[in-house]
Q: 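Here's a structure for you.
Given the structure is predicted, the values throughout are model-derived calculations rather than measurements. Per chain, numbering begins at 1; letters A, B, ... match sequence-line order.
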4 protein chains.
Amino acid sequence: MPSSQPVSSQSTSSASKFDRSHDEIMKAAARLFRDKGYAASTLRDIAAAAGMKAGSLYYHFDSKEEILDAILDAGVRQVHDSVQAVIREGKEADRLAVVSAAARTHLTVLLARSEFTSVNMRILGLLPAEIRARHLPLRRAYTRLWEKLLRDAQRAGRLRADIEIKPLRRFLLAALNSTVEWFDPEREDVDAVAERCTGLILRGIAPD
Amino acid sequence: MPSSQPVSSQSTSSASKFDRSHDEIMKAAARLFRDKGYAASTLRDIAAAAGMKAGSLYYHFDSKEEILDAILDAGVRQVHDSVQAVIREGKEADRLAVVSAAARTHLTVLLARSEFTSVNMRILGLLPAEIRARHLPLRRAYTRLWEKLLRDAQRAGRLRADIEIKPLRRFLLAALNSTVEWFDPEREDVDAVAERCTGLILRGIAPD
Amino acid sequence: MPSSQPVSSQSTSSASKFDRSHDEIMKAAARLFRDKGYAASTLRDIAAAAGMKAGSLYYHFDSKEEILDAILDAGVRQVHDSVQAVIREGKEADRLAVVSAAARTHLTVLLARSEFTSVNMRILGLLPAEIRARHLPLRRAYTRLWEKLLRDAQRAGRLRADIEIKPLRRFLLAALNSTVEWFDPEREDVDAVAERCTGLILRGIAPD
Amino acid sequence: MPSSQPVSSQSTSSASKFDRSHDEIMKAAARLFRDKGYAASTLRDIAAAAGMKAGSLYYHFDSKEEILDAILDAGVRQVHDSVQAVIREGKEADRLAVVSAAARTHLTVLLARSEFTSVNMRILGLLPAEIRARHLPLRRAYTRLWEKLLRDAQRAGRLRADIEIKPLRRFLLAALNSTVEWFDPEREDVDAVAERCTGLILRGIAPD
DNA sequence: AATGAATGAGAGTTCATTCAT
DNA sequence: GATGAATGAACTCTCATTCAT
């Protein structure tokens with residue numbers, strides 16, 4: 001049962017000590033989950049990375065799984081909301097340009113803005129079915145957002161007509177998410193990567 | 001120190017008892033590692049899936065890590081050799097057609113032929129740096145194979161001239177590998193998927 | 001790398017909970033190691049004897065071997081310091097009387113005062129060379145203490161002149177240590193045993 | 001229930017393959033038990049040292065414990081018989097000289113002639129009470145042999161009158177056995193060691 | 001709000017033992 | 001006579017979790 005406690009992306013100084021620790025834990029856990037996976041990340045690791053001892057985590061979360069839930073939840077919410085905003089803003093624009101903008105946004109949130117979104121993309125598929133199931137509804141909402149976007153583009157004649165939407169959406173998002181595997185924020189620029197990726201997705205590799 | 005004991009893809013009845021058990025263990029472990037990750041897969045799980053008890057695994061492997069090493073090694077070797085063969089056969093053919101064929105082969109091995117290749121693609125990035133390092137040389141050989149293939153195509157004018165090879169290779173392989181996340185062998189046809197993927201990669205989603 | 005945390009011989013009520021448990025574990029382990037050997041003593045045995053569960057030992061020690069190290073270290077330190085004190089006090093006394101007093105002290109520490117010293121004497125020789133090597137320096141310091149003591153006595157003409165020091169020291173200490181094999185604190189008096197032993201060592205069994 | 005299969009001290013070429021393997025196992029096991037203790041010596045180690053595989057041991061012995069029993073048994077029997085022979089030969093001789101000869105013989109068997117005797121001296125005290133109990137009768141026979149020898153010497157006025165026999169026997173044998181801890185056959189001569197030891201035991205360390 | 005100290009379940013691993021070949 | 005292959009029990013060790021302080 002993922003809940004939607006608003007995760008303060010930047011722990012403002014006005015936030016309570018509780019909220020700050022809460023965020024610290026989630027960020028620390030997210031980084032570990034993303035880098036080593038859920039099972040391989042111990043609560044002692046997480047606590048240490050958050051500047052406390054393992055037992056203290058239980059003041060903020062009821063279990064390791066609850067930390068994971070909070071992270072997964074926040075991660076999907078963040079891309080979803082960001083991409084939805086872009087789509088809304090693009091109401092009048094060229095449909096293909098919106099697809100392109102949405103892809104760029106997805107990549108930006110994934111690679112630069114949220115430590116939570118990348119956790120989703122990287123480890124959700126490896127988690128126990130039971131946990132995954134809890135997060136399906138939210139994921140579905142996001143995939144439906146994309147399928148609608150793509151269907152609109154196709155209807156507007158801005159997408160190759162012979163492409164089936166659902167498989168396309170799957171491939172498209174998976175391809176975007178796969179950047180997580182090799183992207184290194186210290187060596188690369190998110191915008192440049194986004195530009196390249198969308199370019200490839202729109203026009204492919206073959207010469208015209 | 002990954003070694004290259006040839007893993008008999010199908011345990012023939014002629015193989016010794018040792019070889020059959022050895023293969024059974026590797027396959028069982030590969031399936032579990034791919035589905036739940038390395039840390040979350042227990043030796044008891046693996047043994048049960050291979051039809052034996054946990055202690056018996058040690059007659060065949062010295063440690064859990066050694067099982068992993070054998071799997072990762074076999075997985076890379078298999079795609080590498082398959083794709084290399086395709087490239088060799090395509091000596092005279094159109095360079096872009098060879099890229100397309102290589103992609104199809106990569107996908108086929110990944111999704112249908114080898115239980116070991118998919119383990120690589122799915123969990124290598126989550127493994128401890130120390131383990132990952134052991135398998136880097138082999139991975140490098142495979143990525144170099146692709147980069148050469150792509151560079152040749154570009155020189156032949158069969159690839160958009162403005163694309164940088166290394167980032168392209170990264171995105172291309174990651175995109176192909178991402179199919180592992182959603183591909184369901186019981187509901188989909190590998191060839192159809194390969195066709196769609198290569199189509200998208202070659203020409204993109206935008207209408208001409 | 002044996003360290004020298006002072007082991008409180010009697011866990012005073014003023015000691016912290018940690019220190020009390022730490023000592024309890026060392027004492028329990030020492031008794032078991034001495035009676036059954038290192039390999040035959042399980043962590044469950046030790047934990048039970050110390051009033052806790054196996055896993056809890058790891059809050060106090062990093063491994064079974066570390067417990068052993070701490071015990072061996074404490075054991076040698078205790079005889080060494082006790083005997084050294086006796087030698088210092090005997091500065092002015094008859095050299096042979098000091099040897100005799102040192103032997104008595106060695107026996108007293110070994111049989112009555114320290115649960116750690118007897119572990120050394122009984123199982124050190126059976127431990128893996130690697131472990132033994134770690135404790136050699138400390139052992140050496142103790143044997144040198146005795147050799148100096150004996151040499152001084154010989155120079156003072158209080159020891160048969162034809163005896164070689166090193167072999168004597170070896171035989172002497174081994175003979176004293178061998179009492180551990182049969183001494184039963186419930187049936188015998190340490191002082192009486194010490195008296196008999198030193199008598200035999202000084203004058204032998206033959207009538208004058 | 002220790003049995004008395006005659007252990008061929010030197011595997012004569014006339015011995016059957018069975019007997020040779022049987023002896024090989026006992027010797028290999030004895031060396032390991034003496035050097036590392038019973039619990040720390042694995043059947044795989046023993047088998048390897050005897051030139052076979054673990055499972056093969058069961059063709060010769062029913063269990064690890066049975067190997068131990070055979071070794072302990074043979075060890076005591078050997079010193080017992082050797083010392084008894086010396087005593088018999090010394091019927092007419094000076095009682096103290098016989099004690100001295102017995103000690104020399106004990107040391108020779110212990111350090112040079114039998115790989116089985118030293119096992120007894122080194123690890124019997126660490127074994128489970130249940131095993132130890134099985135070998136008590138034989139040990140008793142040996143200690144009684146010595147006590148009689150010493151009592152005779154004392155009655156003949158060749159032993160200090162104020163010495164109690166039983167404690168003396170305990171100390172004497174333990175002291176002799178303690179040589180096992182430091183004796184190195186490659187660096188020392190058994191006879192020389194025996195000479196020194198008996199000298200010390202007879203006359204002590206103090207000058208006359 | 002956090003920690004020190006402990007726990008119990010289960011992890012990877014070892015090993016005496018078995019048995020078909 | 002001996003081995004290859006397996007087993008089950010028990011080992012050392014890890015970890016999520018608890019709770020008094």
Q: Is there any protein nitrogen or oxygen under 3.5 Å from a nitrogen or oxygen in nucleotides 7-9 of chain F, and what are the pairs?
A:
unit_1, atom_1, unit_2, atom_2, d
F/dT7, OP2, B/Lys53, N, 3.0
F/dT7, OP2, B/Ser56, OG, 2.5
F/dG8, OP2, B/Lys53, NZ, 2.6

Q: Anything under 30° is parallel, anything over 60° is perpendicular, the rest tilted; go ahead and classify D/Phe33 against D/Tyr38.
A: perpendicular
Q: Take the C1' atoms of the five end pairs on each side of the helix from E/dA2-F/dT21 to E/dT21-F/dA2, get both axes, and report the angle to 10 degrees.
A: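 Taking five pairs per end, the axes differ by 10°.
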Q: How many angstroms lie between CD in B/Glu115 and CE in B/Met26, if you round to the nearest 0.5 Å?
A: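 One gets 9.0 Å once the value is rounded to the nearest 0.5 Å.
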Q: From F/dT17, E/dA16, E/dT13, pick the nucleotide closest to the side chain of A/Ser63?
A: F/dT17
Q: Whether the side chain of B/Arg31 engages the backbone of B/Ala49 through a donor-acceptor N/O pair (distance < 3.5 Å, no angle test) should be reported.
A: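 No: the side chain of B/Arg31 does not pair with the backbone of B/Ala49.
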Q: With a 4.5 Å limit on heavy-atom distance, are the side chains of C/Leu72 and C/Leu138 in contact?
A: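 Sidechains of C/Leu138 and C/Leu72: no contact.
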Q: Between C/Asp69, C/Asp73, C/Asn120, which is the residue that forms a side chain to side chain donor-acceptor pair (under 3.5 Å) with C/His135?
A: C/Asp69
Q: Give a yes or no on whether the backbone of A/Leu127 and the side-chain of A/Arg132 come within a donor-acceptor separation of less than 3.5 Å.
A: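 Yes.
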Q: Would you say D/His60 places a side-chain N or O within less than 4.0 Å of OP1 or OP2 belonging to F/dA2?
A: yes
Q: Over all strands shown, is A/Tyr58 touching base, sugar-phosphate only, or nothing at heavy-atom distances under 4.0 angstrom?
A: base
Q: Taking only side-chain N and O atoms of D/Ser21, does any of them lie within less than 4.0 angstrom of OP1 or OP2 on F/dA2?
A: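 Checking D/Ser21 against F/dA2: at least one side-chain N or O falls below 4.0 Å of OP1 or OP2.
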Q: Could you tell me if the side chain of A/Phe116 sits less than 4.5 Å from the side chain of A/Arg34, heavy atoms only?
A: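 They are not in side-chain contact.
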Q: State which of F/dT12, F/dA5, F/dC15 makes the closest approach to the side chain of B/Lys17.
A: F/dA5
Q: Does anything in residues 30-40 of chain B reach DNA chain E, meaning a heavy atom under 4.0 Å, and if so which residues?
A: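 When residues 30-40 of chain B is checked for heavy atoms under 4.0 Å from DNA chain E, there are no hits whatsoever.
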